[in-house]
Colleague: 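Quick one: structure below, then a few questions.
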Amino acid sequence: MATLSSELIADLKWRGLFSQSTDEKALVEALKKPTTLYIGFDPTAPSLHVGNLVVLLALRRFQLAGHIPIALVGGATGLIGDPSGKSEERSLNTSDVVAAWVERIRGQVSKYLDFQAKPNAAMVANNLDWTSPLSAIEFLRDIGKHFSVNQMLAKDSVSSRLEAGGISYTEFSYQVLQSYDFLELYRRHNCTLQLGGSDQWGNIVAGLDLIRRVESGSGHALTIPLLAKADGSKFGKTAGGAIWLDAEMTSPYAFFQYWLNTDDKDVINFLKVFSFKSRAEIEALEKTHNENPGAREAHRALARELTSIVHSEDICNRVELASRALFGQGELSELDEATLASALAELPRTTVKSGDPIPTWVELLAATGVVDSKSAARRIVKEGGAYLNNTKISGEDFAPEKSDFLCGKYAVLRKGKRDLAAVELI
RNA sequence: GGCGGGUUGCCCGAGCGGCCAAUGGGAGGGGACUGUAAAUCCCCCGGCUCUGCCUUCAAAGGUUCAAAUCCUUUACCCGCCA
């Protein structure tokens, strides 16, 4: 990892993690010394998702380069709602919901930073700590006075909303709160750099203005491009919804598969953006990938590294084993019970009591939740996408027999090419 | 405050008394081809105890043998005039 500031910036640029910054020369100069920087995460859901990982890992890159990272969890801003990039007003969440999400996200964010590092230990902050004690009058006199409505209206996040039908005073005020966060972190920790997605540019420079006006101080802004996929679809979304970092919300198996199934056209870019591998290592993978894309070496490296970072190396190994065991190579019936059990542990599942009659394939699949209804499961059978233990089955009434249960316990249902579920006989 | 227009399945959007579970596009799903990729082609896409039945066209009531389609009220959105 680059430790010299010019190398750090060059590395970020090479990885496609550099959108724009305030005076780049001055930034490089400032980064020659350990610098305190922050990124904010608003609790808009119970977990962060893979989209957040881009900036979160960027923060880690800075720490590895010797800087002091602060992860700010937006206990206050999460109550307000950032209009950036939204075409409609957000619906507000209650304060207990937001408070609960803050705690979960605080825990998540902490996994990616080093709090023991010397001399640049990471910190986690919550903007509710300094926003909540502030009275409305103080806020308007001490902070609001420094903002020009003309400039606020000119911000992209606001002007696009004005065109799209309107914005509430609440969301309009968001940029003031975010600016105040930067000011507070500047005061408390001499934090002089804020990172964010490119949609955060306006909010970040508003903070720099505030620091200049109130403290006559200066700082820097650096934004990271929003990650785009080659086919134009939104990164991090699947039919099932977002890919979350929380293992309860997106299983490590599904997480691993998500990366393994990355579009060929995206895989090298994703390695640059997410991986901590060196440029040389990534370029070697690029070469391998171009020579034999079918081997999916680059995909596998990406999936392995991210699953290890987000979950753990141990979980990653288990999940990869499951992935290999369940996909084609080798007969399922040849797997020993331990391997099978751990592979299936990662899948959506249902159970059948050993005394009870065994339900039909359709009923079992519906019970695992892989499809929304029995009609959907029936459709799969009709269309020829139904498999039991990797063997195609037909007939809507098809039901597994006792003897179909591998090791006397497990049956593997498959829908289409890659959607798997497990049935356990208990 | 007055007048007019709108609210349809995951999204966009036709339908404007029976032939409507509702045209078309997108998203999504299955198949073929492949590499657990992309592109392409074919098929599917409310639910169920599935040759039939049930619940949907903002909500609630009504007219009719029959309503997404007509009437009334309510909620929300959007225009024009004050």
Side-chain angles (χ1 to χ4, degrees), chain A residues 86-89 91 161-168 228-243 251-271 285-286 288-304 306-307 316 319-330 332 343 346-348 357 359-363 365-399 412-421:
Chain A
K86 294 279 166 185
S87 56
E88 284 182 2
E89 192 80 10
S91 53
R161 278 280 293 278
L162 288 176
E163 282 165 33
I167 183 169
S168 66
K229 289 211 301 187
D231 65 2
S233 62
K234 201 154 185 196
F235 169 75
K237 299 275 185 201
T238 63
I243 303 294
S251 75
Y253 173 80
F255 186 86
F256 183 89
Q257 290 293 325
Y258 175 77
W259 297 106
L260 191 66
N261 287 325
T262 299
D263 190 325
D264 283 9
K265 295 199 287 292
D266 287 322
V267 71
I268 300 301
N269 271 342
F270 284 10
L271 276 168
L285 279 167
E286 184 169 14
T288 318
H289 174 253
N290 287 335
E291 282 164 3
N292 183 9
R296 316 167 79 79
E297 294 288 341
H299 298 75
R300 194 162 288 280
L302 178 68
R304 282 198 56 86
L306 285 169
T307 309
C316 174
V319 158
E320 189 184 8
L321 193 70
S323 164
R324 282 188 190 277
L326 296 169
F327 277 98
Q329 305 124 346
L332 279 177
E346 311 300 332
L347 301 178
T360 62
W361 189 95
V362 164
E363 287 166 327
L365 189 72
T368 63
V370 166
V371 288
D372 292 332
S373 67
K374 279 188 237 173
S375 293
R378 266 183 218 107
R379 230 175 274 136
I380 300 298
V381 176
K382 201 166 26 172
E383 294 171 345
Y387 300 80
L388 174 67
N389 299 333
N390 282 347
T391 306
K392 185 186 257 190
I393 61 116
S394 59
E396 291 187 11
D397 299 330
F398 178 92
V412 181
L413 308 179
R414 194 170 110 216
K415 166 179 100 71
K417 281 187 213 172
R418 49 191 146 148
D419 238 354
L420 295 155

Colleague: Among side-chain atoms of Glu396(A) and Thr360(A), is any donor-acceptor pair under 3.5 angstrom?
Modeller: no
Colleague: Over how many whole Å does the gap from Lys392(A) atom NZ to G31(B) atom C1' extend?
Modeller: 7 Å
Colleague: In whole Å, what separates the P atom of G5(B) from that of G52(B)?
Modeller: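 Between the two P atoms, the distance is 41 Å.
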Colleague: Would you indicate which nucleotide in G35(B), G47(B), U36(B) comes nearest to any side-chain atom of Pro293(A)?
Modeller: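 Side chain of Pro293(A) sits closest to G35(B).
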Colleague: When the distance from CG of Leu302(A) to P of A37(B) is rounded to whole Å, what number comes out?
Modeller: 16 Å
Colleague: Is Glu396(A) touching bases, backbone alone, or none of the nucleic acid, heavy atoms closer than 4.0 Å?
Modeller: nothing
Colleague: Does Lys417(A) make a side-chain donor-acceptor contact with the base of U34(B), cut-off 3.5 Å?
Modeller: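 By the distance-only test, yes, there is a pair.
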Colleague: Heavy atoms under 4.0 Å, any strand shown: does Tyr387(A) hit a base, just sugar-phosphate, or nothing?
Modeller: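 Sugar-phosphate, backbone atoms only, no base.
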Colleague: A side-chain contact here means heavy atoms from C-beta on lying under 4.5 Å apart; do Val381(A) and Trp361(A) qualify?
Modeller: yes
Colleague: Sticking with atom P, work out how far U69(B) lies from G15(B), rounded to a whole angstrom.
Modeller: 14 Å
Colleague: In whole Å, measure the gap between the P atoms of C11(B) and G46(B) for me.
Modeller: 14 Å
Colleague: Kindly give the heavy-atom pair with the smallest separation between Ile268(A) and Glu286(A), and that separation in Å.
Modeller: CD1-CA, 3.5 Å
Colleague: Which listed nucleotide (C48(B), C43(B), C45(B)) is nearest to the side chain of Glu383(A)?
Modeller: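 That would be C43(B).
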Colleague: With a non-hydrogen cut-off below 4.0 angstrom, is Ile380(A) in contact with a base, only sugar-phosphate, or nothing?
Modeller: sugar-phosphate
Colleague: Between Asn261(A) (CG) and G29(B) (P), how many Å, whole number?
Modeller: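 Going from Asn261(A) (CG) to G29(B) (P), I get 11 Å.
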Colleague: Under a 3.5 Å cut-off on both pairing distances, which runs of 3 or more consecutive Watson-Crick or G-U pairs involve RNA chain B?
Modeller: B:1-7 with B:75-81, B:10-12 with B:24-26, B:28-32 with B:40-44, B:46-48 with B:52-54, B:58-62 with B:70-74
Colleague: Which atom pair, heavy atoms only, marks the closest approach of Arg414(A) to Asn390(A)?
Modeller: NH1-OD1, 2.9 Å
Colleague: Rounded to whole Å, please give me the gap between CG in Asp372(A) and P in G29(B).
Modeller: 12 Å
Colleague: With a cut-off of 6.0 Å (strictly less than), are more than 12 heavy atoms of other residues, nucleotides or ligands near CG of Asn292(A)?
Modeller: yes
Colleague: Touch check for Gly294(A), heavy atoms < 4.0 angstrom, all strands: base, sugar-phosphate only, or nothing?
Modeller: base
Colleague: Mapping Ala386(A) and Arg418(A) to their closest nucleotides on RNA chain B, which lands nearer the 5' end?
Modeller: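 Upstream on the strand: Ala386(A).
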Colleague: Rounding to a whole Å, what distance do you find between Glu291(A):CD and A37(B):P?
Modeller: 22 Å
Colleague: Among the nucleotides C43(B), G35(B), G47(B), which one has an atom lying closest to any side-chain atom of Asp264(A)?
Modeller: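 Output: G35(B).
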Colleague: Which heavy-atom pair separates Glu291(A) from Pro293(A) by the least distance, and what is that distance?
Modeller: C-CD, 3.8 Å
Colleague: In whole angstrom, what separates Leu365(A)'s CG from G29(B)'s P?
Modeller: 14 Å
Colleague: Specify the residue among Ser375(A) and Gly385(A) whose closest nucleotide of RNA chain B lies further upstream toward the 5′ end.
Modeller: Gly385(A)
Colleague: Answer with base, sugar-phosphate or nothing: what part of the nucleic acid does Lys265(A) contact at a heavy-atom distance below 4.0 Å?
Modeller: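 Sugar-phosphate, backbone atoms only, no base.
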Colleague: Determine the interatomic distance between P on G28(B) and the same-named atom on C80(B); round to the nearest Å.
Modeller: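 That atom pair is separated by 38 Å.
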Colleague: For Lys374(A), report the nucleic acid contact type (base, sugar-phosphate, nothing); a contact means any heavy atom under 4.0 Å.
Modeller: sugar-phosphate
Colleague: Measure the distance from CG on Asn292(A) to P on G35(B) and round it to the nearest whole Å.
Modeller: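 Interatomic distance, CG of Asn292(A) to P of G35(B): 10 Å.
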Colleague: So which nucleotide from U36(B), C33(B), G29(B) ends up closest to the side chain of Arg300(A)?
Modeller: U36(B)
Colleague: Taking atom P in both A67(B) and C57(B), compute the distance separating them and give it to the nearest angstrom.
Modeller: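 Those two atoms are separated by 12 Å.
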Colleague: With a non-hydrogen cut-off below 4.0 angstrom, is Arg296(A) in contact with a base, only sugar-phosphate, or nothing?
Modeller: base
Colleague: Taking C10(B) as the reference, what is the distance to C44(B) when you measure between their C1' atoms (whole Å, please)?
Modeller: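 One C1' to the other, the span is 16 Å.
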Colleague: C1' atom, A14(B) versus A68(B): distance in rounded Å?
Modeller: 12 Å
Colleague: Of the options Arg300(A), Gln257(A), Arg418(A), which is the one that meets Ser323(A) in a side chain to side chain donor-acceptor pair (under 3.5 Å)?
Modeller: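 Among the candidates, only Gln257(A) passes.
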Colleague: Base, sugar-phosphate, or nothing: which does Asp263(A) touch, judged by heavy atoms less than 4.0 Å apart?
Modeller: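 Contact class for Asp263(A): sugar-phosphate only.
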Colleague: Output the rounded distance in Å from CD1 (Ile393(A)) to P (G31(B)).
Modeller: 12 Å
Colleague: Between Asn261(A) and His299(A), is a side-chain contact (heavy atoms from CB on, under 4.5 Å) present by the stated rule, with each step listed?
Modeller: CA-CA 7 Å; Asn261(A) 287 325; His299(A) 298 75; over 6 Å; no
Colleague: Using the P atom on both, measure U72(B) against U63(B) and round to a whole Å.
Modeller: 15 Å
Colleague: Starting from the C-alpha separation in whole Å, work towards a yes-or-no answer on side-chain contact (heavy atoms from CB on, under 4.5 Å) for Tyr253(A) and Leu420(A).
Modeller: CA-CA 11 Å; Tyr253(A) 173 80; Leu420(A) 295 155; 3.4 Å; yes
Colleague: Walk me through whether Val319(A) and Phe255(A) qualify under side-chain contact (heavy atoms from CB on, under 4.5 Å).
Modeller: CA-CA 9 Å; Val319(A) 158; Phe255(A) 186 86; over 6 Å; no
Colleague: Of the options U36(B), G47(B), C33(B), whose atoms approach the side-chain atoms of Ser373(A) most closely?
Modeller: G47(B)
Colleague: So if I take every side-chain heavy atom of Lys415(A) and compare against G29(B), G35(B), G47(B), which nucleotide ends up nearest?
Modeller: G29(B)
